[in-house]
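I have placed the structure first, in the form of structure tokens, so that the comments after it can refer back to it.
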Amino acid sequence: MKFHLFIISAVFIFGCQPKSTEDEEKTPPFNSFKNYPKNYFLDLNFNKTNKDYVALCNKLPSTLLHFDYNYHYFLTDDSTEIIFPNEAQPNWCKIYLKSKKYLNNPSRLKDYLKKSADIIQEHPILPIYIYKKDSIAYKLSFFEQETYLRLKFTKL
């Protein structure tokens, strides 16, 4: 009798575990990264010009905080900051993610970004992921702080 209860308990415990499907694993944790790694954030990628970056930021609910050598935008709906150089073809971009949706589970985002990397340079403070897909190679440095996540994308 005890053996039957053990079998029924084991089937119930292990048989009721949710199974992850391949589709769930490929689903981005946040809409801003839905086309990753082709677009590294929203519709930004290194095939775009500076004018494309500015146009995208101006379409979003955002404020231009600073403009000199770099553009510095603040996205008002989720406190994200986007910084990119004032060059015809930007070769880097920094994204500061400050909202609770990112800060409550940074490992979920990090794992998603890491999955599609071609080269992974592990480091406890500043891991680097390198992507060589599509037409342009770039690297991502992921810096995690208590009040923000800083993602720096650099064209290789």
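Worth saying up front: this structure is predicted, and the values here are computed from it rather than measured. When a residue number appears, it is its place in the shown sequence, counting from 1. Below, each value reflects all heavy atoms present in this structure, side chains not excepted, and no hydrogens, waters or symmetry copies.
Taking the six-membered ring where tryptophan is involved, the planes of Y36 and F33 are perpendicular, since the angle between them exceeds 60° and thus also 30°.
Counting heavy atoms from C-beta on, the side chains of V54 and Y71 come closer than 4.5 Å. When side chains are defined from C-beta on, L140 does not count as touching Y40, because their heavy atoms never get closer than 4.5 Å. Considering only heavy atoms from C-beta on, F142 comes within 4.5 Å of L109 through its side chain. When side chains are defined from C-beta on, S79 counts as touching F74, because their heavy atoms get closer than 4.5 Å. N86 has its side chain out of reach of D68: every pair of non-hydrogen atoms, C-beta onward, lies at least 4.5 Å apart. Side-chain contact between D43 and Y53: absent, with no pair of heavy atoms (C-beta onward) separated by less than 4.5 Å.
With hydrogens and angles disregarded, no donor-acceptor distance shorter than 3.5 Å links the side chain of N39 to the backbone of F41. Side-chain atoms of Y138 come within 3.5 Å of backbone atoms of P37 as a donor-acceptor pair (strictly under, hydrogens ignored). Side chain of D52 to backbone of T49: a donor-acceptor contact under 3.5 angstrom is found.
A pairwise comparison of heavy atoms in K114 and I120 identifies CG-CD1, 3.7 Å as the closest pair.
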Below 3.5 Å, can you tabulate the donor-acceptor pairs from side chains in residues 87-100 to any protein atom, sequence neighbours excluded?
unit_1, atom_1, unit_2, atom_2, d
Q89, NE2, F46, O, 3.1
Q89, NE2, K48, O, 2.7
K98, NZ, E81, OE2, 2.4

Anything under 3.5 Å between a donor and an acceptor, one on a side chain of residues 143-156, the other on a protein residue two or more places apart or in another chain? List them.
unit_1, atom_1, unit_2, atom_2, d
R150, NH2, S141, OG, 3.2

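Ring pair Y102/F30: centre-to-centre distance below 6.0 Å.
Put simply, I82 and L103 are part of the same group of oily side chains (I, L, V, M, F, W, Y) that touch within less than 4.5 Å, one to the next. When hydrophobic clusters are built by joining Ile, Leu, Val, Met, Phe, Trp and Tyr residues whose side-chain heavy atoms come closer than 4.5 Å, directly or via intermediates, L60 is not grouped with L65. In the hydrophobic clustering of ILVMFWY residues, with side-chain heavy atoms under 4.5 Å counting as a link, I119 and I128 come out together. The hydrophobic cluster containing L75 also contains L64, counting ILVMFWY residues as joined when their side-chain heavy atoms lie under 4.5 angstrom apart, directly or transitively.
Residues N58 and Y73 have side chains that bring a donor and an acceptor to within less than 3.5 angstrom of each other.
Atom CD1 in I136 sits 11.5 Å away from atom NZ in K38 (nearest 0.5 Å).
The number of heavy atoms from other shown groups lying within 6.0 Å of CG (D77) is above 12.
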Carefully, step by step, assess Y131 and L113 under the rule side-chain contact (heavy atoms from CB on, under 4.5 Å). CA-CA 10 Å; Y131 306 88; L113 300 174; 3.9 Å; yes
